[in-house]
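Worksheet for the structure shown next.
Counting starts at 1 for both ligands and their atoms, following the listed order. Atoms considered below: every heavy atom in the structure, side chains included; atoms not considered: hydrogens, waters and symmetry mates. Note that this is a predicted model, so its numbers are computed, not measured.
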Amino acid sequence: MESIWFATHPLTTTPNDDFVEGAHVDTVVAGAGLTGLTTAVLLARSGQKVAVLEARRVGAVTTGHTTAKVSLLQERGVAHQTRDAWTYAETEPAARQLQGELDACRAAGLDEAAWTAESELPFPIAGALRLPGQAQIHPLEALEALLSEFTAHGGILIEEARVTDASSKSPVTITTTRGRMTAERLILATGTPILDRVVGRSDGTSQALADLIAWTERHFSGAEHTHAWSAQDYRSVDRVPFVGPLPRGGGRIDVATGYNKWGMTNAVAAALNLSSQILEGQTRWADTLGHRRSGLAGAVDTVKANAEVGMEMTKNWVEAELRAVPGEAPAEGAGLVGRGEKGRPEAVSTVDGATCRVSGVCTHLGGVLRWNDAERSWDCPLHGSRFAADGTLLEGPAVSDLPRLS
Ligand SMILES: Cc1cc2nc3c(=O)[nH]c(=O)nc-3n(C[C@H](O)[C@H](O)[C@H](O)COP(=O)(O)OP(=O)(O)OC[C@H]3O[C@@H](n4cnc5c(N)ncnc54)[C@H](O)[C@@H]3O)c2cc1C
Ligand code: FES
């Protein structure tokens, strides 16, 4: 499935450099989404020599598949539209939750936030929250503008170079699928889920899409279905983005993730926070992002999240071991995991007439994969890694492909 952003604005930018084995730069940024490119621009503006290493292509993951409400990027002349932001509640319990959001808006000084029971929707609501004057952007136009400024400042973009390891010594040695390079600092702007996941534990993406289309047709007759896509974003245990030094990174490796589906603004805030720390500037308003919290509530949540991951892992291994992989090829667009010849989970799928057999075990920490019938990919229910039907890694935290079995 192709997102509306790639369909309407395919990126024409190409990598401006090739990988040079052993090259040294001030900062390597891993990941060319909104976080990575904004951070890279801010550092390059200050005169730093910066290389962005992108595992796939610019915008390939969440930024290219977002809904892109709200932006702080107008300095580069990226077109934007101003819209009121609406959140609707259909039930009384949901309306009570939404009232809490209104209270939070007021506490944050957003006095223009307003409650209403009226709406133009063709179905009844229990209440709605309106915040006027918000923005929406085309995320790929934003990335293109950032990239053009980055390269104008001498920044280096290398695509199809996945970071697979890094030392925490000085300088940091960064191992990639294209070779090694060194840097004074490494920033992981990869969306890597060292955190709890928001989406992706559900089965049947196609069914979810079908439900959404049916709901839209029921309430908005005549609506035309033009694009559909799916993506995932991450959240931290305490819901505050995780921005700052990576634990055991020797103070030289930083990470920025956990925006909980509000990355258009949080990615920019994270980039401002990280770049000001590196350049020894001041962004006090963004300090909350850089503070790690370890209170009891957070710990309880962590235990619960880990227990859920453990349950998921056991259940999926048992399920996979109970049924043997069938000899015949799955139908077009279908995939399944079962017990292979050596007793380990094997994943078999048919896409565009090609049947592929790959290991059914995620190369990150051994989760048993599930077929995503909408994206036609193998998705790991534990921490969100995704692989193409032929086993090629699409999204981490895994850093290697699935072994091919035939
Ligand atoms: C369906 C959906 C709707 C959303 N809607 C909104 C919205 O309306 N408003 C809003 O504010 N936010 C929204 N968000 C959230 C927002 O889109 C994300 O938080 C934001 O795009 C994350 O940007 P990022 O740069 O951190 O990550 P990404 O865009 O995922 O970029 C990470 C990059 O790192 C690369 N990478 C990964 N691993 C490696 C590696 N090992 N080495 C090198 N490169 C690597 C990836 O290929 C990728 O290009 C939404 C998210 C989703 C899923
Ligand atoms: S086991 Fe962690 S992503 Fe698969």
Side-chain angles (χ1 to χ4, degrees), residues 3 5 11 28-40 51-72 83 85 134-137 139-140 142-143 146 157-166 174-178 186-194 197-200 228-235 241-243 255-271 309-310 312-313 316 360-370 378-387 393-400 402:
S3 79
W5 314 119
L11 284 182
V28 161
V29 177
L34 189 57
T35 306
L37 286 183
T38 311
T39 311
V52 173
L53 303 181
E54 164 55 49
R56 293 168 66 190
R57 304 298 304 269
V58 172
V61 184
T62 312
T63 304
H65 297 84
T66 181
T67 19
K69 300 185 292 284
V70 183
S71 162
L72 295 180
R83 295 277 188 280
Q134 300 302 292
Q136 61 185 26
I137 56 161
L140 296 185
L143 290 188
L146 288 167
L157 169 71
I158 300 168
E159 291 183 315
E160 295 179 5
R162 183 176 293 276
V163 171
T164 55
D165 202 2
I174 297 138
T175 309
T176 80
T177 44
R178 305 268 300 272
L186 169 64
I187 295 175
L188 297 174
T190 55
T192 264
I194 45 176
R197 299 198 42 218
V198 177
V199 293
W229 67 92
S230 70
Q232 56 191 23
D233 204 31
Y234 307 99
R235 73 170 183 226
F242 191 113
V243 180
V255 64
T257 185
Y259 307 140
N260 200 9
K261 289 184 285 167
W262 289 106
M264 295 295 104
T265 41
N266 276 318
V268 178
V309 164
E312 193 80 17
M313 184 153 185
N316 291 349
V361 181
C362 176
T363 52
H364 177 224
L365 293 174
V368 174
L369 301 167
R370 285 185 190 164
W378 290 111
D379 296 359
C380 180
L382 299 198
H383 317 103
S385 291
R386 295 183 56 237
F387 304 83
L393 177 61
L394 298 174
E395 279 182 55
V399 290
S400 50
L402 297 173

Practice task
Determine yes or no for a side-chain-to-main-chain donor-acceptor pair under 3.5 angstrom, with Thr35 supplying the side chain and Ala189 the backbone.
Solution key: no
Handout entry: Metal-centred angle, atom 4 (Fe) of ligand 2 as apex - SG of Cys380, SG of Cys362, 10° resolution
Key = 110°
Exercise for the section: List the steps and the verdict of side chain to side chain contact (heavy atoms under 4.5 Å, CB included) for Leu369 and Leu402. Expected result: CA-CA 10 Å; Leu369 301 167; Leu402 297 173; 3.5 Å; yes
Exercise for the section: For Thr257 and ligand 1, answer yes if some heavy atom of the residue is under 4.0 Å from a ligand atom, otherwise no. Expected result: no
Exercise for the section: Pick whichever of Gly366, Gly367, Ser385, Ala398 has a heavy atom sitting closest to atom 3 (S) of ligand 2. Expected result: Ser385
Practice task
Mark the output for Ala267 as yes if a heavy-atom distance to ligand 1 is under 4.0 Å, and as no if none is.
Solution key: no
Practice task
Flag the pair Arg386 and Asp379 as a salt bridge only when some basic side-chain nitrogen lies within less than 4.0 angstrom of an acidic carboxylate oxygen.
Solution key: yes
Exercise for the section: Would you check whether Ala256 has a nitrogen or oxygen atom less than 3.5 angstrom from a nitrogen or oxygen atom of ligand 1? Expected result: no
Problem - Ala161: numbered ligand 1 atoms lying under 4.0 Å from its heavy atoms - result: 43 (C)
Handout entry: Heteroatom distance test (Thr67, ligand 1): nitrogen or oxygen, under 3.5 angstrom
Key = yes
Exercise for the section: Kindly give the atom name of the N, O or S atom of His364 closest to atom 2 (Fe) of ligand 2. Expected result: ND1
Completion exercise
Looking at Leu53, Thr62, Thr39, the heavy atom closest to atom 52 (C) of ligand 1 belongs to Thr62
Handout entry: Within-shell test, Val399 vs ligand 1, heavy atom, strictly < 4.0 Å
Key = no
